[in-house]
S.K.: 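Right, I'll just put the structure down here and ask away after.
All residue numbers refer to positions in the sequence shown, counting from 1. It should be emphasised that the depicted structure is a prediction, and the values quoted were computed from it without experimental measurement.
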Amino acid sequence: MHCFRNCLLPTEGLQQLYEVHVDVDKGLIVDILLYINDDNAKTMILDERFDEVFDCKGNILAPGFIDIQLNGAYGIDFSDPNLTVDDVEKV
């Protein structure tokens, strides 16, 4: 599990800092907490749960997306009303 501290989330306003816990293996956001910058023992104990802790230094933390949309290729347009099965198989 990874911890991202001191980060802004792409929500309304971008004014509040958060701490985000991410299970990278499962691709899940596990927890989102308001970020409180303190160096007490409780924070240090919580750190033991994480494989890595990142200080985002007030930067925006957002998921990365890979756009796998395919509109066609090789001169074939998937939105063509005359599209055939053969055309799709060519792409």
S.K.: Which residues pass the side-chain contact (heavy atoms from CB on, under 4.5 Å) test with V85, sequence neighbours left out?
M.R.: E89
S.K.: List the atom of R5, the atom of V53, and the distance in Å for their closest heavy-atom pair.
M.R.: NH1-CG1, 4.0 Å
S.K.: Within a strict 4.5 Å, meaning less than it, do heavy atoms of the N71 and S79 side chains meet?
M.R.: no
S.K.: Is L28 linked to V20 within one hydrophobic cluster, defined over Ile, Leu, Val, Met, Phe, Trp and Tyr using a side-chain heavy-atom separation of less than 4.5 Å?
M.R.: no
S.K.: Who pairs with F4 by ring-ring contact (aromatic ring centres under 6.0 Å, His included), at least two apart in sequence or on another chain?
M.R.: F54
S.K.: Quick one: list whatever passes side-chain contact (heavy atoms from CB on, under 4.5 Å) with D87, sequence neighbours left out.
M.R.: I76, L83, T84, K90
S.K.: Does any part of the side chain of L33, heavy atoms only, come nearer than 4.5 Å to the side chain of Y18, both counted from C-beta?
M.R.: no
S.K.: For the residue pair L8 and L17, establish whether any side-chain heavy-atom pair is separated by less than 4.5 Å.
M.R.: yes
S.K.: Can you name the closest pair of heavy atoms from F78 and G72 and give their distance?
M.R.: CD1-N, 3.6 Å
S.K.: Nearest 0.5 Å please: distance from the NE2 atom of H21 over to the CD1 atom of I29.
M.R.: 11.5 Å
S.K.: Can you tell me how far apart CG (L61) and CG (N6) are? Round to the nearest 0.5 Å.
M.R.: 11.0 Å
S.K.: Within the side chain of D80, is there an N or O that forms a donor-acceptor pair under 3.5 Å with the backbone of D77?
M.R.: no
S.K.: Which distance, rounded to the nearest 0.5 Å, do you find between the SG of C7 and the CG of D55?
M.R.: 9.5 Å
